[in-house]
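Contents: one structure, followed by commentary.
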Amino acid sequence: MTKVLGISGSLRRGSYNSALLRAAARLMPADASIEIASIRGIPLYDGDVEAQGIPPTVTALKEAIIAADGVLLVTPEYNNSIPGVFKNAIDWLSRPAADIKRVFGGRRFALLGASPGGFGTVLSQAAWLPVLRTLGTQPWFGGRLVVARAASVFDEAGNLKDAQIEEQLKLFLAGYVAFLRRAAGS
Ligand SMILES: Cc1cc2nc3c(=O)[nH]c(=O)nc-3n(C[C@H](O)[C@H](O)[C@H](O)COP(=O)(O)O)c2cc1C
């Protein structure tokens with residue numbers, strides 16, 4: 001079984017990105033699954049808080065990452081870049097720096113994102129790349145899916161209703177899982 005940890009970068013109840021992550025969990029290939037993790041409860045990064053100890057929400061997310069074969073970041077786009085709450089979560093996960101290798105080193109990341117605009121999340125996905133490089137991850141570049149005009153892609157309950165995006169998402173996930181399996185030598 002290939003295990004992916006999926007993290008949505010939005011806290012919004014009606015988030016398109018969380019809806020996209022739920023759809024991805026439903027559309028995973030056979031013998032692969034997505035565990036949905038959350039950034040909720042992660043405080044704003046503050047070195048003084050860190051000096052008191054790593055918050056339990058951060059430690060729990062670090063351990064979930066370590067237990068997974070791959071990590072899928074489902075990112076919104078704010079002002080053509082990464083939303084602060086999502087970057088803040090990853091910044092916490094990179095502390096202490098001595099842990100970066102254990103949590104991120106060589107770990108196989110993939111990016112997805114949805115936005116109501118016409119360009120999907122193409123710029124925020126690109127903005128993640130230097131972060132993923134700095135942390136020593138191994139990003140998967142074999143597929144790209146930016147979900148534009150998200151208001152017409154999901155219904156009011158947050159279910160994926162666009163058949164074309166569903167097909168693209170299935171292909172994306174199949175490619176990513178194949179990459180994870182090749183890397184694991186299975
Ligand atoms: C501060 C802010 C900046 C935004 N900037 C962008 C942007 O640059 N590009 C874009 O496509 N959408 C932008 N949006 C709209 C978001 O894509 C939209 O709010 C989306 O629903 C957020 O993702 P979510 O549905 O997962 O919460 C912005 C929204 C906010 C609140």
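When a ligand or atom number is given, it counts from 1 through the structure's own listing order.
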Shared hydrophobic cluster, Val131 / Val122 (ILVMFWY, side-chain heavy atoms < 4.5 Å): no

Under 3.5 Å: donor-acceptor pair, side chain of Asn88, backbone of Pro43: yes

Arg12 NZ/CZ over Tyr16 ring centroid, <6.0 Å and within 45° of normal: yes

Residues Arg108, Thr137; criterion side-chain hydrogen bond (donor to acceptor under 3.5 Å, both in side chains); working and verdict: CA-CA 6 Å; Arg108 296 167 188 100; Thr137 68; over 6 Å; no

Salt bridge flag under 4.0 Å for residues Lys161 and Glu156: no

Hydrophobic cluster identity match, Phe119 and Leu169, side-chain contacts under 4.5 Å: no

Contact residues of ligand 1 (heavy atom under 4.0 Å), by chain and number: Ser10, Arg12, Ser15, Tyr16, Asn17, Pro76, Glu77, Tyr78, Asn79, Asn80, Ser115, Pro116, Gly120

